[in-house]
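Heads up: the structure comes next, in structure tokens.
Note that the coordinates shown come from a computational prediction; the quantities given were computed from them, not determined experimentally.
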Amino acid sequence: MCCRRQRGPDGTPVDGGRRRRRGCGAVLAVLALAAAAAVAFLESTAGGVSYTGDGWLHECAKWDAEGGRFLASTFFGGGVAEVRAGEGEERVVVADPDAAGRVALGLAVDAPRRRLLLVYCDRPPRFGYAALAAYDLGSWRRLFLTRLDVPGESTFPDDVAADEEGNAYVTDASGNKIWKVSPSGVLLGVIKNSTFVQRPGLRHNLVGLNGIVYHPNGYLLVVHTFGGDLFKVDPKTEAVHAVKVQGSLGRGDGMELLSPTRLVVAGTPSSRLVESSDDWETARVTGQYVGPVHRVGSSATVKDGDVYINHIVGFGLGKKKTHVLARAVFSPLAAAS
């Protein structure tokens with residue numbers, strides 16, 4: 001070890017050890033400064049919204065246009081916090097006692113019905129509990145809390161999207177399936193298909209179906225995180241089509257539609273812009289945004305035409321951690337020949 005104290009034959013310290021320790025101290029100081037500089041540089045790329053809140057992790061954030069605020073799931077906090085422009089600290093708006101001890105993950109703003117959909121799961125390493133809740137965006141009154149899991153089944157509910165009728169679709173990142181829940185909170189069924197697993201083995205399926213969006217043409221788009229696949233799902237017939245994507249969507253997480261032909265896929269090491277000209281039979285990755293990779297991009301949302309990437313990891317020494325919603329500027333990628 002470079003900092004081990006040097007001793008002579010009689011066991012007493014020698015000056016060489018003292019000089020060595022001073023040298024090691026200098027090396028460690030330089031490394032600490034370099035690490036701090038690297039973090040500072042990465043933080044400087046995160047132009048957007050920075051705020052403080054409880055807890056290290058905030059998994060998903062969405063823009064509520066009518067409410068003029070971002071809404072973020074607080075992970076181990078088991079609820080939802082709002083972040084308003086000009087306010088540097090979050091305010092908890094959902095802390096449901098019936099979900100106490102659970103983890104709050106994906107959320108979706110169901111704007112036509114002025115409600116928030118929120119996914120709850122077990123605290124790792126348990127993977128049994130799965131539920132979807134809905135809350136009124138004005139009063140925060142709970143509208144329903146629906147269990148999705150089957151006793152004895154391993155599940156990891158992750159993200160949620162709503163269709164034009166108010167049905168909700170929740171992905172299971174462990175079981176590679178999609179739960180369908182009615183507008184009133186009734187579990188209607190489960191979409192399962194072998195197409196969701198394109199490659200066997202844990203390496204390709206440790207985290208499966210994850211980010212999900214509803215397309216205005218009447219289907220779902222779903223990303224498989226470790227497989228890097230994008231699926232087009234008909235919620236009525238339950239038909240599943242693997243979208244042929246030019247470019248990588250590996251480690252893709254939460255998603256958001258920019259338009260019927262453009263999709264943002266948050267993730268690590270970069271978030272990606274994906275485009276399709278044939279109603280998502282095929283697609284191409286056309287841009288990427290790296291941002292503060294040490295914070296881990298986990299979800300995407302759109303505010304006034306700008307894309308914001310929520311980063312799951314907060315930083316700070318005190319009880320309050322700093323969280324970032326980075327405004328993403330995508331660098332174009334050259335088309336493959």
- Note on the structure: Between Ser174 and Thr155 the two heavy atoms that sit nearest each other are CB-C, 3.9 Å
- Mind checking whether Tyr51 and Phe70 have ring centres under 6.0 Å apart? no
- Would you confirm whether Thr268, through its side chain, and Val296, through its main-chain N or O, come within 3.5 Å as a donor-acceptor pair? no
- Over all atoms of both residues, closest heavy-atom pair of Phe75 and Leu57: CB-O, 3.2 Å
- Item | Spatial distance of atom OH (Tyr214) from atom CD (Glu165) [nearest 0.5 Å] | 7.0 Å
- Message: Any non-hydrogen side-chain atom of Asn167 less than 4.5 Å from a side-chain atom of Ser182?
- Response: yes
- Message: Please give me the minimum heavy-atom distance between Asp159 and Ile212, naming the atom from each residue.
- Response: OD2-N, 3.5 Å
- Please determine, by modelled atom types, if Ser298 and Asn310 share a side-chain donor-acceptor pair under 3.5 angstrom. yes
- Item | Straight-line distance of Asp158 CG to Ser299 OG, nearest 0.5 Å | 10.5 Å
- Query: Name the one of Asn210, Leu230, Asn205 that satisfies side chain to side chain contact (heavy atoms under 4.5 Å, CB included) with His224?
  - Reply: Asn205
- Should Leu116 and Val109 count as side-chain neighbours, where that means a heavy-atom distance under 4.5 Å? yes
- Heavy-atom check, side chain of Asn217 versus side chain of Pro260, under 4.5 Å: no
- Item | Atom pair CG (Leu273) and OG1 (Thr286), whose distance is rounded to the nearest 0.5 Å | 3.5 Å
- Heavy-atom side-chain proximity of Trp179 to Leu132 below 4.5 angstrom: no
- For the atom pair CZ (Arg295) and NE2 (His323), what is the distance rounded to the nearest 0.5 Å? 8.0 Å
- Examine Phe144 and Val119 and state if one hydrophobic cluster contains both, with Ile, Leu, Val, Met, Phe, Trp and Tyr joined whenever side-chain heavy atoms are less than 4.5 Å apart. yes
- Message: If you compare all heavy atoms of Ala300 against all heavy atoms of Val264, which two are closest, and at what distance to 0.1 Å?
- Response: CB-CG1, 3.8 Å
- Could you tell me whether the side chain of His241 reaches within less than 4.5 Å of the side chain of Tyr219, counting heavy atoms only? no
- Message: As an exercise, state the distance from CG of Leu137 to CG of Leu143, rounded to the nearest 0.5 Å.
- Response: 9.0 Å
- Distance from Leu221 atom CG to Met255 atom CE, nearest 0.5 Å? 5.5 Å
- Can you name the nearest heavy-atom pair linking Gly297 to Ile309, along with the distance? CA-CG2, 4.0 Å
- Is any side-chain N of the basic residue among Asp64 and Arg84 closer than 4.0 Å to the acidic one's carboxylate O? no
- Item | Non-hydrogen side-chain atoms of Glu238 and Asn193 separated by less than 4.5 Å | no
- Linking I/L/V/M/F/W/Y whenever their side-chain heavy atoms sit closer than 4.5 Å, directly or via other members, would Val160 and Leu187 fall into one cluster? yes
- Pair His204-Asp229, side-chain contact (heavy atoms from CB on, under 4.5 Å): steps then yes or no: CA-CA 10 Å; His204 300 295; Asp229 305 296; over 6 Å; no
- Task: Kindly indicate whether the side chain of Phe196, heavy atoms from C-beta on, has any atom under 4.5 Å from the side chain of Val233.
- Result: yes
- Derivation and outcome, side-chain contact (heavy atoms from CB on, under 4.5 Å), residues Glu275 and Arg284: CA-CA 5 Å; Glu275 300 189 42; Arg284 182 169 65 88; 5.8 Å; no
- Between Ser73 and Cys60, is there a donor-acceptor pair closer than 3.5 Å when you use the side chain of the first and the backbone of the second? yes
- Query: Any ion pair linking Glu153 and Lys177 (charged N to carboxylate O, less than 4.0 Å)?
  - Reply: yes
- Cationic tip of Arg251 above Phe226 ring, under 6.0 Å, 45° of axis: yes
- Ser259 side chain to Thr261 main-chain N or O, any donor-acceptor pair under 3.5 Å? yes
- Message: Quick one: does any side-chain atom of Ser276 pair with a main-chain N or O of Thr282 as donor and acceptor, under 3.5 Å?
- Response: yes
- Task: Search all heavy atoms of Phe156 against all heavy atoms of Cys121 and return the closest pair with its distance.
- Result: CE1-SG, 3.9 Å
- Can any side-chain N or O of Arg272 pair as donor or acceptor with the backbone N or O of Ser270 at less than 3.5 Å? yes
- Query: Would Tyr120 and Tyr129 count as a close aromatic pair, with their ring centres under 6.0 Å?
  - Reply: no
- Using the side-chain contact (heavy atoms from CB on, under 4.5 Å) rule, take Tyr169 and Thr171 through it: C-alpha gap first, then chi angles, then the decisive distance, then the call. CA-CA 7 Å; Tyr169 302 88; Thr171 54; over 6 Å; no
- Mind checking whether Val243 and Leu333 sit in one hydrophobic cluster, side chains of I, L, V, M, F, W, Y counted as touching below 4.5 Å? yes
- Report whether Val170 and Leu117 are members of the same hydrophobic cluster (ILVMFWY, side-chain heavy atoms less than 4.5 Å apart, transitive linking). yes
- Query: Does Tyr289 reach the side chain of Val307, with side-chain heavy atoms less than 4.5 Å apart?
  - Reply: no
- Item | cation_pi(Lys232, Trp280) dist<6.0 Å, angle<=45 | no
- Step-by-step side-chain contact (heavy atoms from CB on, under 4.5 Å) determination, Val285 to Gln288: CA-CA 8 Å; Val285 179; Gln288 68 174 2; 5.8 Å; no
- Indicate yes or no: does Asp54 engage Lys321 in a salt bridge with an N to O separation below 4.0 Å. no
- Is the side chain of Asn176 donor-acceptor paired with the backbone N or O of Leu209 at a distance under 3.5 Å, no angle test? yes
- Task: Answer yes if Val290 and Val329 sit in the same cluster of Ile, Leu, Val, Met, Phe, Trp and Tyr residues linked by side chain heavy atoms under 4.5 Å apart, and no otherwise.
- Result: no
- Message: Under a 3.5 Å cutoff, is there a donor and acceptor pairing between the side chains of Glu90 and His58?
- Response: yes
